[in-house]
Amino acid sequence: MPDFPLLKNDLILRAARGEPTERAPVWIMRQAGRYLPEYRALRAEDEFFTVVRTPELAAEVTLQPLERIPLDAAIIFSDILVVPQALGMEVEMVKGTGPHFPRPLDGPADLDRLRSPEDAAGDLEYVYTALSVTRRQLGGRVPLIGFCGAPWTLMAYMIEGGGSKTFARSKAWLYAHPEASHRLLQRITDVLAGYLVRQADAGAQLLQVFDSWAGLLTPAAFRSFALPYLRDLAGRVRAERPGVPLIVFARGANYALPDLAEAGYDVVGLDWTVDPAEARAAVAGRVALQGNLDPCALYASPAVIREEVERMLDAFGPGAHIANLGHGLHPTHDPAHVGVFVEAVHELSAAQRPG
Ligand code: 1CP
């Protein structure tokens with residue numbers, strides 16, 4: 001393990017383990033990104049995947065939000081789609097529309113096109129370097145989060161070839177080619193297990209798994225095609241690196257909260273459609289919770305943002321909570337309002353815990 005600077009703020013690590021904290025830690029999904037003028041300036045010079053693949057640039061972007069806003073964690077600047085790339089698929093980032101795969105998986109025979117898990121995890125060396133460079137540059141200010149997409153969400157992009165409202169092509173596989181779907185999901189899981197372990201070794205102090213499209217599945221499909229792989233992934237990473245807290249964010253899968261609480265993660269992330277008090281009841285004290293202010297609340301005035309934060313904190317109650325939004329920031333968000341959100345969490349969550 002490389003020699004990294006001593007950590008000065010471990011709030012998020014303690015909250016993730018369910019230990020008491022003097023206030024709620026806070027970070028934000030997509031805290032580095034297009035709402036920051038300094039990010040847009042850097043992106044005007046370089047392609048998205050060039051930034052991701054250049055450790056010094058990835059580190060610079062990762063640190064950008066921390067220079068303005070008192071966040072309690074940094075998240076490495078990368079994308080979930082680097083894993084399909086490492087499996088041998090071409091992915092372009094198209095301005096204005098998002099990711100595009102010129103040759104998505106068309107049928108089960110296309111699984112032969114994919115590279116082996118060993119080759120894929122080795123191809124992601126630039127992510128490990130970016131993590132080590134960033135961890136050093138952070139100087140122990142706050143912990144560094146590594147991440148990956150969940151097996152089902154990555155499968156959905158690999159078959160769909162980009163974003164979609166329904167992901168009907170990928171969902172069709174689950175019903176028409178269940179056996180090939182399981183083979184694909186297992187292949188992705190095998191890559192992700194090695195990928196997360198190597199991220200931890202390179203300097204990631206927490207790991208988040210994004211199942212952004214979990215909400216498209218029926219509860220039964222989630223139990224056969226998403227949950228077993230989420231569980232396998234957590235179990236394998238936990239067995240190899242037991243000290244690194246694991247977060248799972250399965251957007252839209254409120255129906256699965258009791259299952260997620262038993263899938264081997266320390267923290268379950270919530271989107272804004274679930275009431276925090278109901279989520280607490282569903283997970284029954286087995287995990288800490290993360291979330292879940294509606295990102296659109298940040299379009300309100302500072303006074304209203306503070307009211308919304310207070311309502312959120314009251315609903316979660318003190319302890320075992322990592323404050324965040326219920327999904328990522330939008331490019332149209334005002335960085336000043338993002339700062340109001342974070343400062344309101346600091347102040348109001350400390351007031352919630354007298355003494
Ligand atoms: O032009 C640009 O600069 C691209 C915008 C952008 C950014 C800033 C993309 C394209 N990805 C990212 C960074 C990113 N993506 C991070 C960085 C760390 C941070 O949060 O600050 C992370 C964690 C992700 C993860 C990611 N990528 C997810 C999971 C989270 C979520 O939003 O649900 C998903 C689904 C993606 C795919 C992706 N990459 C980019 C876009 C626009 C999308 C979504 C496309 C779609 O709608 O399907």
Side-chain angles (χ1 to χ4, degrees), residues 26-53 57-66 68-69 71 73-85 89 91-101 104 127 130-131 134 142 144-167 169-170 192 196 199 204 206-216 247-253 269-272 290-292 295 324-333 335 338:
V26 53
W27 70 282
I28 308 179
M29 291 184 274
R30 291 284 162 96
Q31 64 189 29
R34 291 168 291 179
Y35 76 104
L36 287 175
E38 54 273 32
Y39 173 79
R40 293 196 298 270
L42 188 140
R43 276 280 284 110
E45 304 294 320
D46 290 292
E47 282 300 320
F48 177 75
F49 283 114
T50 306
V51 179
V52 166
R53 286 170 178 273
L57 292 178
E60 183 181 338
V61 175
T62 302
L63 296 179
Q64 279 177 346
L66 291 132
R68 299 177 170 249
I69 302 165
L71 294 151
I75 178 162
I76 190 67
F77 188 77
S78 185
D79 200 87
I80 64 168
L81 300 177
V82 300
V83 165
Q85 283 178 333
M89 300 189 75
V91 187
E92 303 159 351
M93 202 53 78
V94 185
K95 213 176 161 56
T97 52
H100 172 69
F101 292 60
V127 178
L131 282 160
T134 306
V142 293
L144 178 59
I145 303 174
F147 70 90
C148 68
W152 153 246
T153 287
L154 293 180
M155 167 180 169
Y157 279 105
M158 289 163 75
I159 294 171
E160 210 72 33
S164 157
K165 271 209 166 64
T166 59
F167 280 88
R169 269 170 55 95
S170 1
L192 296 177
L196 289 184
Q199 288 194 48
L206 281 100
L207 296 165
Q208 174 155 322
V209 179
F210 287 92
D211 211 349
S212 301
W213 299 111
L216 296 176
I247 308 173
V248 61
F249 174 59
R251 186 159 69 97
L270 306 178
D271 68 28
W272 66 84
Q290 173 172 282
N292 77 339
N324 204 315
L325 300 178
H327 198 207
L329 283 164
H330 302 163
T332 50
H333 274 125
V338 177

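Just follow the structure's listing: the first ligand is 1, and inside any ligand the first atom is 1. Scope of the values below: all heavy atoms of this structure, side chains included, with no hydrogens, waters or symmetry mates.
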Can you give me a line-by-line list of nitrogen or oxygen pairs between ligand 1 and the protein shorter than 3.5 Å?
unit_1	atom_1	unit_2	atom_2	d
ligand 1	1 (O)	Arg43	NH2	2.7
ligand 1	3 (O)	Tyr39	OH	2.4
ligand 1	3 (O)	Arg43	NE	2.8
ligand 1	11 (N)	Asp79	OD1	2.7
ligand 1	15 (N)	Arg30	NE	3.3
ligand 1	15 (N)	Arg30	NH2	3.3
ligand 1	15 (N)	Asp79	OD1	3.1
ligand 1	20 (O)	Arg30	N	2.7
ligand 1	21 (O)	Gln31	N	3.2
ligand 1	21 (O)	Ala32	N	3.1
ligand 1	21 (O)	Ala32	O	3.3
ligand 1	27 (N)	Arg30	NH2	3.2
ligand 1	27 (N)	Asp79	OD1	3.0
ligand 1	27 (N)	Asp79	OD2	3.4
ligand 1	32 (O)	Arg30	NH2	3.4
ligand 1	32 (O)	His327	NE2	3.2
ligand 1	33 (O)	Ser212	OG	2.5
ligand 1	33 (O)	His327	NE2	2.7
ligand 1	39 (N)	Asp79	OD1	2.7
ligand 1	48 (O)	Tyr157	OH	2.5

* To do: Give a yes or no answer on whether the side chain of Asp46 reaches the backbone of Val51 with a donor-acceptor pair at less than 3.5 Å.
  => no
* **Asn324 side chain vs Trp27 backbone, donor-acceptor pair below 3.5 Å** => yes
* Going through the distances and angles, do Ile28 and Leu71 end up as a side-chain contact (heavy atoms from CB on, under 4.5 Å)? -> CA-CA 8 Å; Ile28 308 179; Leu71 294 151; 4.1 Å; yes
* To do: Please work out whether the ring planes of Phe101 and Tyr157 are parallel, tilted or perpendicular, with thresholds of 30° and 60°.
  => parallel
* Determine whether the side chains of Gln31 and Gln64 contain a donor N or O and an acceptor N or O closer than 3.5 Å. => no
* Asked: Are the ring centres of Phe249 and Phe147 closer than 6.0 Å?
  -> no
